[in-house]
Amino acid sequence: MTQILAASPTCQMRLTKPSSIASSKLWNSVVLKQKKQSSSSKVRSFKVMALQSDNSTINRVESLLNLDTKPFTDRIIAEYIWIGGSGIDLRSKSRTLEKPVEDPSELPKWNYDGSSTGQAPGEDSEVILYPQAIFRDPFRGGNNILVICDTYTPAGEPIPTNKRARAAEIFSNKKVHEEIPWFGIEQEYTLLQPNVNWPLGWPVGAYPGPQGPYYCGVGAEKSWGRDISDAHYKACLYAGINISGTNGEVMPGQWEFQVGPSVGIEAGDHVWCARYLLERITEQAGVVLTLDPKPIEGDWNGAGCHTNYSTKSMREDGGFEVIKKAILNLSLRHMEHISAYGEGNERRLTGKHETASIDQFSWGVANRGCSIRVGRDTEKKGKGYLEDRRPASNMDPYIVTSLLAETTLLWEPTLEAEALAAQKLSLKV
């Protein structure tokens, strides 16, 4: 699990020029370890295609994909990335720039057809892309870049699915800025077999053995999808994403990566870019990615996006008292947070499978069945961070991080409400 230890460098980094990791060897290594009884003809077809590195057609395409254009031109490719109309889907398109850039302010605004993404009517369909953060492109290599954008009307107003704009306002507030909020985000996700909507490695229409051996498991009967997880890990490091770790999860076919500690708005930018890389990698591997918070009903863990959070005051001596005050505020806005923490979360937050009930706020030390968990080390040292275990895997990190900052740093409850909540939660603040 992510620990809030040290701040990361800004995402608007100076771009260096490492070589591309987008070699055919990386993607040819993604051989899915399906059980014999679950192997469909389509999965078998993918295996064959992935292994036929001597196929002349594949080699010709790959040689073009891996061309190094730097000796011949200063022009680069910028992939503009934005969030689509569902609020969770990612879209992107490419444009040529005349020379390498190092900062988003050097990039031009762009536009797209919002009527085709569910973000604008057909009679007034233009949506404007504002570049906000730059990352190196691990697929194209060289000086090519990925650009995280947010979305506006031609008049300069954020469109409804642009949650970054409001988050940026909160993080630029003087009180929030001075507290230097750190976030460590644990993104869980599930890999599915194509066309059957069933987890990777599972026999189609049937189930593997019960949960237990799969969490951080090793071996062909316990771990399915490791090559995708590892490819994503390296792609994130190459891109400049502040990824801090990865592991196999409790349900087989489910994985997690951690981003952070990141400061303020940077956390959302890094998580969204990491999600984009994962979508692209699973696209190339012929595997389906889902962020559904409960992809399989029954006695199987759901998928969350636990968010570790601390402020400067929480990290200093006496910080545990600040953490308890933050927990008090969070309890009083529980349902507001729940409504913003992801679609379908009621199927996951049942009080089972390491979750708290969606209807009842709770907190505890080292208790993974609570809404908010505080680590033993934080209790012992009297300072540290808290973990909000409520967000679903499909949450918007701009919303979750900014709402945590707003509730704990800007919002003030009435004294009467605070006293009642403190009594209910057995908190002395």
Side-chain angles (χ1 to χ4, degrees), residues 11 75-98 101 104-135 137 139-140 144-170 187 189 192 194-195 197 265 268-284 286-293 305 339-345 392-403:
C11 60
R75 304 174 92 191
I76 68 166
I77 302 171
E79 190 76 17
Y80 279 46
I81 302 164
W82 70 95
I83 299 165
S86 71
I88 190 65
D89 63 308
L90 285 162
R91 309 288 180 123
S92 74
K93 61 177 183 173
S94 311
R95 70 179 298 163
T96 303
L97 302 178
E98 292 304 312
V101 299
S105 63
E106 302 176 60
L107 292 166
K109 295 175 184 176
W110 206 7
N111 65 76
Y112 67 94
D113 173 16
S115 69
S116 296
T117 63
Q119 293 171 292
E123 62 273 14
D124 187 15
S125 64
E126 194 168 282
V127 179
I128 312 301
L129 293 168
Y130 286 34
Q132 299 292 357
I134 294 175
F135 297 88
D137 187 340
F139 304 105
R140 295 185 174 113
N144 302 302
I145 56 174
L146 305 175
V147 184
I148 295 294
C149 304
D150 59 356
T151 45
Y152 296 80
T153 67
E157 295 294 323
I159 66 171
T161 51
N162 179 359
K163 307 304 181 184
R164 190 187 190 279
R166 172 58 181 159
E169 287 181 13
I170 291 172
Q187 175 68 71
Y189 60 93
L192 302 177
N195 302 317
N197 199 37
I265 197 71
D269 291 338
H270 281 234
V271 169
W272 275 115
C273 192
R275 286 176 173 179
Y276 174 81
L277 294 181
L278 188 56
E279 289 277 15
R280 287 283 305 276
I281 290 167
T282 53
E283 171 190 319
Q284 293 192 19
V287 174
V288 177
L289 167 69
T290 179
L291 298 183
D292 190 299
C305 207
S339 66
Y341 274 14
E343 293 293 327
N345 211 10
S393 52
N394 59 5
M395 64 82 151
D396 186 330
Y398 293 133
I399 295 176
V400 170
T401 56
S402 61
L403 191 54

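Computed from a predicted structure; not experimentally measured.
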### Query
Considering all heavy atoms of both residues, which atom of G87 and which atom of D396 are nearest to each other, and what is their separation?
O-OD2, 4.5 Å
### Query
Minimum heavy-atom separation for K163 to Y398, with atom names?
O-CB, 3.9 Å
### Query
What's the spacing between T290 OG1 and N394 CG if we round to 0.5 Å?
8.0 Å
### Message
So C305 and V400, do their side chains get closer than 4.5 Å, heavy atoms only?
### Response
no
### Task
Decide yes or no on side-chain hydrogen bond (donor to acceptor under 3.5 Å, both in side chains) for W82 and N162, but give the supporting numbers first.
CA-CA 9 Å; W82 70 95; N162 179 359; over 6 Å; no
## Note on the structure
One should read off an interatomic distance between T282 OG1 and L277 CG, to the nearest 0.5 angstrom, of 10.5 Å
### Query
Got a second to check how far L90's CG is from L278's CG, nearest 0.5 Å?
10.5 Å
#### Entry: T161 side chain to Q119 side chain, donor-acceptor N/O pair below 3.5 angstrom
yes
### Summary
The reported gap from CD in Q187 to CE in M395 (rounded to nearest 0.5 angstrom) is 7.0 Å
### Task
Find out whether the Lys NZ or Arg CZ of R280 is both under 6.0 angstrom from the six-membered ring centre of F139 and within 45° of the ring's axis.
yes
### Summary
Here the pair of heavy atoms bringing G344 nearest to P293 is O-CG, 3.5 Å
Run the side-chain donor-acceptor check on residues 120-130: report pairs under 3.5 Å with partners two or more places apart or on a different chain.
none

### Query
Should the heavy atoms of other residues, nucleotides or ligands under 6.0 Å from CD of E343 be counted, would the total exceed 12?
no
### Query
Of all heavy-atom pairs between I134 and P104, which one has the smallest distance, and what is that distance?
CD1-N, 3.5 Å
### Query
Is the shortest heavy-atom distance from the side chain of R275 to the side chain of L291 under 4.5 Å?
yes
## Note on the structure
Looking only at heavy atoms, the pair that brings A165 and Y152 closest together is CB-OH, 3.8 Å
### Query
Do other residues, nucleotides or ligands put more than 12 heavy atoms under 6.0 Å from the NZ atom of K109?
no
### Task
Find out whether W272 and P397 are in side-chain contact, i.e. whether some heavy atom of one side chain is under 4.5 Å from a heavy atom of the other.
yes
### Task
Rounded to the nearest 0.5 Å, what's the gap from CG on D89 to OG1 on T117? Could you check?
7.5 Å
### Task
Measure the spacing between CD1 of I148 and CD of Q132 and express it to the nearest 0.5 Å.
10.0 Å
### Message
Among R95, R140, R91, exactly one meets salt bridge (charged side-chain N to carboxylate O under 4.0 Å, His left out) together with E79. Which residue is that?
### Response
R140
### Task
Name all pairs fulfilling the salt bridge (Lys or Arg N to Asp or Glu O under 4.0 Å) condition that reach into residues 148-159, sequence neighbours left out, sorted by first residue then second.
none
### Message
I need the minimum non-hydrogen distance between N144 and I77, along with the two atoms involved.
### Response
OD1-N, 2.7 Å
### Message
One thing to verify: whether R164 and D269 come together as a salt bridge, which I'm taking to mean a side-chain N less than 4.0 angstrom from a carboxylate O.
### Response
yes
